[in-house]
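Have a look at the structure below, then the notes.
Letters A, B, ... mirror the listed sequences (proteins, then strands); counts begin at 1.
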2 protein chains.
Amino acid sequence: MPAIRNQIRELRALREMTQQQLADQVGVTRQTVIAIEQDKYSPSLETAFKVAIALGVPLEQCFQYDSRGRR
Amino acid sequence: MPAIRNQIRELRALREMTQQQLADQVGVTRQTVIAIEQDKYSPSLETAFKVAIALGVPLEQCFQYDSRGRR
DNA sequence: GCTCCGTGTTAAAAATATTTGACATCCTTA
DNA sequence: TAAGGATGTCAAATATTTTTAACACGGAGC
């Protein structure tokens, strides 16, 4: 569980997009989307970019590095 | 070789930073820095974030997704 | 000439990300 | 109650990233 948070679930809800639909657009499996959404591990930069694009936001609006010491 | 470009070499030169120094700050090996710098593969999002931070720029200023059809 | 430093390469091993497939739960709706 | 959709979990296999270690090359300086 890396020090990275994400807004996938919220963004997905905003666009009324299912995990399966996001997975298809990104080109990964549903399990991968679940794992990333739940911070199970740090995705590859390429996958991260594709997720952000599929959700229609810049990468940093989808993933934030937890700069150790959240205030 | 993913569709992602990066400005690592240029940013590193700007700060007069060696590959080894960057690797140390990021917490990876020199070979990893070389591989990323040369687009050998897509790093993990976590590593990408650390590289950007070490270089003092936001992630998207360091890595750009090659949105297939660069104009 | 030699040596140090920064860079690049290679191969094999280790670690981590991703896939495949199967099954469970909770809603909704017929 | 049965069925379908969306989500979640698990384990094993595969793919990809990262490490380790060794060696090569060019440039700068002595």
Side-chain angles (χ1 to χ4, degrees), chain A residues 1-70, chain B residues 1-70:
Chain A
M1 57 217 85
I4 295 180
R5 281 167 305 148
N6 73 79
Q7 262 58 58
I8 297 179
R9 180 169 283 272
E10 293 83 336
L11 292 167
R12 208 162 47 70
L14 268 181
R15 331 235 153 195
E16 301 186 32
M17 205 182 220
T18 180
Q19 290 177 335
Q20 184 64 65
Q21 292 172 327
L22 177 55
D24 289 343
Q25 284 200 35
V26 171
V28 297
T29 61
R30 189 169 63 89
Q31 284 84 338
T32 298
V33 167
I34 294 177
I36 297 174
E37 198 166 298
Q38 295 177 176
D39 281 329
K40 291 278 180 59
Y41 52 66
S42 196
S44 73
L45 182 57
E46 187 168 19
T47 298
F49 261 122
K50 289 183 185 166
V51 167
I53 289 172
L55 292 173
V57 298
L59 191 145
E60 292 187 324
Q61 202 168 318
C62 190
F63 298 95
Q64 297 91 31
Y65 191 80
D66 218 333
S67 24
R68 206 24 71 227
R70 31 187 318 197
Chain B
M1 55 215 86
I4 295 179
R5 281 168 304 148
N6 72 79
Q7 262 58 58
I8 298 179
R9 180 170 283 273
E10 293 84 335
L11 292 167
R12 208 161 48 70
L14 268 180
R15 331 236 154 194
E16 302 186 31
M17 207 182 218
T18 182
Q19 291 177 334
Q20 183 65 64
Q21 292 173 326
L22 177 55
D24 289 344
Q25 283 201 35
V26 171
V28 297
T29 61
R30 189 169 62 89
Q31 283 85 336
T32 297
V33 167
I34 293 176
I36 297 174
E37 198 166 298
Q38 294 177 174
D39 282 329
K40 291 279 180 61
Y41 52 65
S42 197
S44 74
L45 182 57
E46 188 168 19
T47 300
F49 262 122
K50 289 182 186 167
V51 167
I53 290 171
L55 291 172
V57 298
L59 191 145
E60 293 188 324
Q61 202 168 318
C62 191
F63 298 94
Q64 298 90 31
Y65 190 78
D66 217 332
S67 22
R68 204 26 68 223
R70 32 188 316 199

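For the helix from dG1(C)-dC30(D) to dA30(C)-dT1(D), the rotation axes defined at the first and last 5 base pairs enclose an angle of 30°, given to the nearest 10°.
By the 4.5 Å heavy-atom criterion applied to side chains, Glu46(B) and Phe63(A) are not counted as neighbours. You'll find the side chain of Gln31(A) stays beyond 4.5 Å of the side chain of Gln19(A), heavy atoms only. Contact check for Thr29(B) versus Thr32(B): side-chain heavy atoms found under the 4.5 Å cut-off. Considering only heavy atoms from C-beta on, Leu59(A) comes within 4.5 Å of Leu59(B) through its side chain. Put simply, the side chain of Ile36(A) does not reach to within 4.5 Å of the side chain of Val28(A), judged on heavy atoms.
Of the candidates dA6(D), dT19(D), dG8(D), dT19(D) carries the atom nearest the Val28(B) side chain, counting heavy atoms from C-beta on. Taking the side chain of Gln31(B) as heavy atoms from C-beta on, and the options dA22(D), dG8(D), dT17(D), the nearest nucleotide is dA22(D). If you check dG8(C), dT18(C), dT18(D) against the side chain of Ile36(B), the one that comes closest is dT18(D). Nearest nucleotide to the side chain of Ser42(A), out of dG8(D), dA17(C), dT18(D): dA17(C).
Within a 6.0 Å sphere centred on CD of Glu16(B), heavy atoms belonging to other residues, nucleotides or ligands number 12 at most.
Map Thr29(A) and Gln19(B) each onto its nearest nucleotide of DNA chain C; the residue landing nearer the 5' end is Gln19(B).
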Show me the protein contacts with nucleotides 23-26 of chain C, counting only N or O atoms at under 3.5 Å.
none

Passes side chain to side chain contact (heavy atoms under 4.5 Å, CB included), Leu45(B) versus Ile4(A)? Steps please.
-> CA-CA 9 Å; Leu45(B) 182 57; Ile4(A) 295 180; 4.0 Å; yes

So Gln64(A) and Gln7(A), side chain to side chain contact (heavy atoms under 4.5 Å, CB included) or not? Walk me through it.
-> CA-CA 9 Å; Gln64(A) 297 91 31; Gln7(A) 262 58 58; 2.6 Å; yes

Would you please test Leu55(B) and Leu14(B) for side chain to side chain contact (heavy atoms under 4.5 Å, CB included) and show each step?
-> CA-CA 9 Å; Leu55(B) 291 172; Leu14(B) 268 180; over 6 Å; no

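Between the Thr18(B) side chain and the Gln21(B) main chain, no donor and acceptor come within less than 3.5 Å of each other. No donor-acceptor pair closer than 3.5 Å links the side chain of Gln61(B) to the backbone N or O of Pro58(B).
Heavy-atom minimum distance, Ala54(A) versus Gln25(A): CB-OE1, 3.8 Å. Smallest separation of non-hydrogen atoms from Glu37(B) and Asn6(B): O-ND2, 3.4 Å.
Atom CG of Asp24(A) is separated from atom P of dA6(D) by 11 Å (rounded to the nearest Å). When the P atom of dT17(D) is taken as reference, atom NZ of Lys50(B) falls 17 Å away, rounded to whole Å. We find that CD of Gln20(A) is positioned 12 Å from P of dT20(C), with the value rounded to whole Å. dT18(C) atom P lies 11 Å from atom CG of Leu45(A), rounded to whole Å. Computed from coordinates, the Met17(B) CE to dT7(C) C1' distance equals 17 Å when rounded to whole Å. Protein atom CD of Gln38(A) is 7 Å distant from nucleotide atom C1' of dG8(D), rounded to whole Å. A straight line from CD1 of Ile34(A) to P of dA11(D) spans 16 Å, rounded to a whole angstrom. One atom, OH of Tyr41(B), and another, C1' of dA15(C), lie 12 Å apart when rounded to the nearest Å.
Put simply, Thr47(A) has no side-chain N or O that comes within less than 4.0 Å of OP1 or OP2 on dA17(C). Residue Thr32(B) places at least one side-chain N or O closer than 4.0 Å to OP1 or OP2 of dT19(D). Taking 4.0 angstrom as the limit, Lys40(B) places none of its side-chain polar atoms (N or O) nearer than this to OP1 or OP2 of dT16(D). Considering only side-chain N and O atoms, Ser44(B) lies nowhere under 4.0 angstrom from the phosphate OP1 or OP2 of dA17(C).
A heavy-atom distance below 4.0 Å to DNA chain C is reached by these residues of residues 7-14 of chain B, ordered by number: Arg9(B), Arg12(B).
Residue-to-nucleotide contacts include no donor-acceptor pair under 3.5 Å from the side chain of Gln21(B) to the base of dG6(C).
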